[in-house]
Amino acid sequence: MDALGVTVALAGQTVRILVIGYAYIRRGGINKQLAAPTLVCGGFFAHSRNPMYLGNILLLSGLAVVYNSPWTYLIGLPLFFGAILAIVHVEEHFLAERFGIEYEAYRRRVNRFLPNPRGIRTTMAGMRFDWKRVLRKEYNTAFLWLSAAYFFLIWERLTHFGYAARRGEISALLLAYVPLPVAYATVRFLKKHRWLRS
């Protein structure tokens, strides 16, 4: 279950990296109002209308599998999925009003979440991947979910088997975790000093 959960979460992280690296948009707001100056249909958005939410769903689902609690499956994940669907519904209504026919045509040809793999290599081949933007935008998310995964893995071994029985595994996990905060601090330093501008 641990291996499966980490694999699913890594798939979510990969999706987020592809989206941010190739054609990132923020559907945030201005003055607490939704804002979208243009309808972005390129990059990963040509294959999924909500690829960042897809990445988030995979990330949280993967962590839920690592944690492996019945309450997480019965209550946590359904609440999370419901919140995502509610947000997407509001955003889609806004985009339909903002872009009209253009958005309706986009909605008909592109799935809401599940990406259509057909032509994805061609789509990405014509675009430049922005690693600096990925580091700027994604270092915090990557640090948080990886830290949570390490915590769950260590906690699982402590509570189910005890420290003495799993000392080697716990020590290895703690040692493997050390580069993570170092990488986080390094990227944060580079971002603060504007060395990651692109």
Side-chain angles (χ1 to χ4, degrees), residues 7-64 76-146 148 187-188 190-192 194-198:
T7 300
V8 171
L10 284 172
Q13 181 65 85
T14 301
V15 169
R16 288 179 59 90
I17 287 172
L18 288 173
V19 174
I20 294 170
Y22 282 113
Y24 177 64
I25 63 170
R26 274 190 298 178
R27 289 182 186 164
I30 297 174
N31 297 324
K32 298 183 179 180
Q33 298 294 321
L34 280 174
T38 59
L39 181 63
V40 177
C41 304
F44 216 85
F45 290 91
H47 303 270
S48 168
R49 299 201 313 270
N50 297 283
M52 288 295 282
Y53 289 132
L54 172 64
N56 293 343
I57 288 169
L58 291 171
L59 273 178
L60 267 294
S61 297
L63 287 177
L77 284 180
L79 285 175
F80 171 71
F81 294 150
I84 290 289
L85 287 173
I87 293 168
V88 168
H89 177 74
V90 170
E91 289 185 352
E92 288 183 342
H93 180 73
F94 168 78
L95 292 172
E97 288 189 344
R98 173 76 171 80
F99 298 104
I101 295 173
E102 183 184 3
Y103 179 73
E104 287 304 314
Y106 174 62
R107 186 180 61 81
R108 284 194 297 270
R109 72 175 182 269
V110 179
N111 294 333
R112 175 181 273 176
F113 292 113
L114 192 63
N116 182 353
R118 182 178 300 173
I120 197 165
R121 183 175 295 181
T122 303
T123 299
M124 302 307 178
M127 304 182 74
R128 184 180 69 87
F129 189 82
D130 191 340
W131 272 107
K132 288 184 178 180
R133 183 168 62 202
V134 170
L135 290 174
R136 286 196 319 269
K137 300 290 185 182
E138 194 62 7
Y139 78 102
N140 196 49
T141 297
F143 175 74
L144 289 174
W145 84 260
L146 284 168
V187 175
R188 186 174 177 82
L190 294 173
K191 179 181 178 182
K192 184 176 181 180
R194 300 185 179 181
W195 292 347
L196 294 177
R197 287 184 294 181
S198 55

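- Shown are Arg107, Arg98, Arg49; of these, the salt bridge (charged side-chain N to carboxylate O under 4.0 Å, His left out) with Glu92 is made only by Arg49.
- Taking every heavy atom of both residues into account, Ile20 and Arg133 meet most closely at O-NE, 2.7 Å.
- Here the CG-CD distance, from Leu58 to Gln13, works out to 11.0 Å after rounding to the nearest 0.5 Å.
- Taking the side chain as every heavy atom from C-beta outward, Pro115 and Leu54 approach each other to under 4.5 Å.
- Looking only at distances, a side-chain donor or acceptor of His47 sits under 3.5 Å from a matching main-chain atom of Asn116.
- Between atom OH of residue Tyr106 and atom CG of residue Leu39 there is a gap of 6.5 Å, rounded to the nearest 0.5 Å.
- The closest side-chain heavy-atom distance from Lys137 to Val19 is not below 4.5 Å.
- Note: Trp131 and Phe129 have perpendicular aromatic rings, judged against thresholds of 30 and 60 degrees for the angle between ring planes.
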#### Entry: Val187 vs Phe143, side chain to side chain contact (heavy atoms under 4.5 Å, CB included): CA-CA, chis, key distance, verdict
CA-CA 11 Å; Val187 175; Phe143 175 74; over 6 Å; no
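- The shortest non-hydrogen separation linking Gly43 to Thr123 is O-CG2, 3.4 Å.
- For the pair Leu190 and Leu135, the minimum side-chain heavy-atom distance is 4.5 Å or more.
- Under the 4.0 Å criterion applied to side-chain N and carboxylate O atoms, Glu138 and Arg16 are assigned as salt-bridge partners.
- Listed here is the closest heavy atom pair of Ser198 and Asp130: OG-OD2, 2.7 Å.
- A distance of 11.0 Å separates CG of Leu18 from CE of Met127, quoted to the nearest 0.5 Å.
- Side-chain contact, Asn140 with Arg188: no donor N or O sits under 3.5 Å from an acceptor N or O.
- Separation of atoms OG (Ser61) and CZ (Phe81) is listed at 3.5 Å; rounding is to 0.5 Å.
- The heavy-atom pair separating Ile17 from Val134 by the smallest distance is O-CG2, 3.8 Å.
- Looking at Asn111, its side chain never comes within 3.5 Å of a backbone N or O of Phe113 through a donor-acceptor pair.
- Of the residues listed (Val40, Asn50, Val110), the one engaging Phe45 in a side chain to side chain contact (heavy atoms under 4.5 Å, CB included) is Val40, and it is the only one.
- Note that OH of Tyr139 and CG of Leu144 are 10.0 Å apart. Values are rounded to the nearest 0.5 Å.
- Note: Thr141 OG1 to Asn56 CG = 7.5 Å, rounded to the nearest 0.5 Å.
- Counted within 6.0 Å of CD1 on Ile101, heavy atoms from surrounding residues, nucleotides or ligands total 12 or fewer; the atom is thus considered open.
- Closest non-hydrogen pair, Ala9 versus Trp145, comes out as CB-CZ3, 3.4 Å.
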